[in-house]
Protein chains: 2
Amino acid sequence: MATMSPRRVELIDAAARLFSERGYHGTSMQHLGEALGMQRGSLYAHIGAKEDLLYDVVADGAGRFLARGEAAMALPATASEKLTRLLIDHVTTATDHLAASTVFLNEWRYLSPEHRDEIQTKRDRYEEIVRLIVAKGIDTGEFRPDADVRFAATLFLSAANWVYTWYRPEGELAPEEIGRRFADLIVKGLAP
Amino acid sequence: MATMSPRRVELIDAAARLFSERGYHGTSMQHLGEALGMQRGSLYAHIGAKEDLLYDVVADGAGRFLARGEAAMALPATASEKLTRLLIDHVTTATDHLAASTVFLNEWRYLSPEHRDEIQTKRDRYEEIVRLIVAKGIDTGEFRPDADVRFAATLFLSAANWVYTWYRPEGELAPEEIGRRFADLIVKGLAP
DNA sequence: CCTACCGATCGGTAGG
DNA sequence: CCTACCGATCGGTAGG
């Protein structure tokens, strides 16, 4: 990562954009070459195979979300605050990196088995973080005792992960505001 | 539709399954031929082009969801009851027709522009139905007056449309129960 | 529904 | 980074 050439970075950017628009299988090396103004064969000076690009894009996306998750969990704050903070960060991250997030969420299943397993582990960890925050809120009495941890976490993830399908930068609501409103609704649903 | 041959029905079924597993662009006519035990060229006795199959699968999915939506709206019931009923029906439909629902939700963007527009209209109508139910609940005082109609509807749709990514038939919860728990959380979030 | 074929394009490589 | 190429496969058609 530290030694990644500028060309490789450009290539990953173009891959994120093209894969998000046309899908991984709908994007050819030819398309990628045109996006960078070079012959498709020349791309192999920078990568070993097409799947490397998918992995790079997906791993970037996974890494970003997970970093926000770990940060939210480490906050000295109530469960409601952590949940709200994380949902805002999640939405902001998804919208700031819309192409990469789209690829992360809907093309990751085309990764090679090894790469897929690695990403699955990160997804599992992220989900666990959300559950831990909800469970903590129940413990402290902040959320109602009969709340369903798994369903509350899944509702959180559903709202967060569906944003990329409808968010448009020209829309009237800022990403922060979107995250906040979802969090309000969910936190109210969890109130005692 | 009334005159659809058994072979064509088999073909659409196989397309739903394969497109949901490998994506539209990741599925070749060769794959489809193998699934039906025939040569790929022979498939053209039943369809005009590969895209016809995508359209058939997506249109089936869209039609099913929309029918549930219109039915829920027509119920003689409170807004909470309609919302709960629709969410249960949505989840049940998505899980009963998991492959077609998956294709409907994540391959529809590869339709031809005309077909895409037609499906978009149905999606818009479905979303409108959810909003109308929420708005009605606010009018009658069933939901709190400051509830955000668009966000409540989007939270509903997010939960409903994310199910296909994590639902597994061998899981412990029945689809009805999944829909009911989501509905409870959302309705509680809307309570005055 | 099959055989045999169409031109185009696929991901990837060699050699410079 | 390009030229020139590899074998394989793509969606689709003709003619039977």
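Everything numeric here is computed off the predicted structure, so don't read it as measured data. Chain naming here is simple, since letters A, B, ... match the order of the sequence lines and numbering starts at 1 in each.
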Q: Measure the distance from CG on L18(A) to P on dC10(C) and round it to the nearest whole Å.
A: 12 Å
Q. Backbone N or O of S80(B) within a donor-acceptor pair of the E142(B) side chain at under 3.5 Å?
A. yes
Q | Shortest non-hydrogen contact from F143(B) toward L83(B) | A | CZ-CD2, 4.0 Å
Q: Round to a whole Å and report the spacing from OH of Y110(A) to P of dC10(C).
A: 18 Å
Q: Calculate the interatomic distance between L43(A) atom CG and dC1(D) atom P; express it in whole Å.
A: 9 Å
Q: Take the protein atom NZ of K50(A) and the nucleotide atom C1' of dG12(C), then report the distance between them rounded to whole Å.
A: 12 Å
Q: Between dC10(D), dC5(D), dC2(C), spot the one nearest the side chain of M38(B), thanks.
A: dC2(C)
Q.
For the backbone of A59(A) and the side chain of K122(A), can you confirm whether one donor and one acceptor N or O come within less than 3.5 Å of each other?
A. no
Q. What orientation do Y110(A) and Y24(A) show, parallel under 30°, tilted 30 to 60°, or perpendicular over 60°?
A. parallel
Q | For DNA chain C, the residues among residues 19-32 of chain A that have a non-hydrogen atom under 4.0 Å from it | A | T27(A), S28(A), M29(A), Q30(A)
Q. Within the distance-only criterion (no hydrogens, no angle test), does the side chain of R40(B) pair as donor or acceptor with the backbone N or O of G33(B) below 3.5 angstrom?
A. no
Q: Take atom CD1 of I47(A) and atom C1' of dG12(C), then tell me their distance rounded to the nearest Å.
A: 10 Å
Q: Could you check which of dG11(D), dG12(C), dC1(D) has an atom nearest any side-chain atom of R40(B)?
A: dG11(D)
(Q) Among dC1(D), dC10(D), dC10(C), which nucleotide has an atom closest to any side-chain atom of S42(A)? (A) dC1(D)
Q.
Both atom distances under 3.5 Å, Watson-Crick or G-U wobble: I'd like the secondary structure of DNA chain C as a dot-bracket string, with | for pairs made across strands.
A. ||||||||||||||||
Q.
From the set dG12(C), dG11(D), dC2(D), return the single nucleotide nearest to any side-chain atom of Q39(A).
A. dC2(D)
Q: Please say whether more than 12 non-hydrogen atoms of neighbouring residues, nucleotides or ligands are located less than 6.0 Å from CZ in R131(B).
A: yes
Q. Roughly how many Å is it from CD in E34(A) to C1' in dT9(C), rounded to a whole number?
A. 12 Å
Q) Hey, are D148(A) and R150(A) close enough for a salt bridge, meaning a charged N less than 4.0 Å from a carboxylate O? A) no
Q. Which is it for T93(B) and R64(B) under the side chain to side chain donor-acceptor pair (under 3.5 Å) test, yes or no, and what are the steps along the way?
A. CA-CA 7 Å; T93(B) 303; R64(B) 263 191 289 265; over 6 Å; no
Q.
Can you classify the ring geometry of F182(A) versus W166(A) as parallel (below 30°), tilted (30 to 60°) or perpendicular (above 60°)?
A. perpendicular
Q: With the side chain of Y44(B) defined as its heavy atoms from C-beta on, choose the nearest nucleotide among dT13(D), dC1(C), dC1(D).
A: dT13(D)
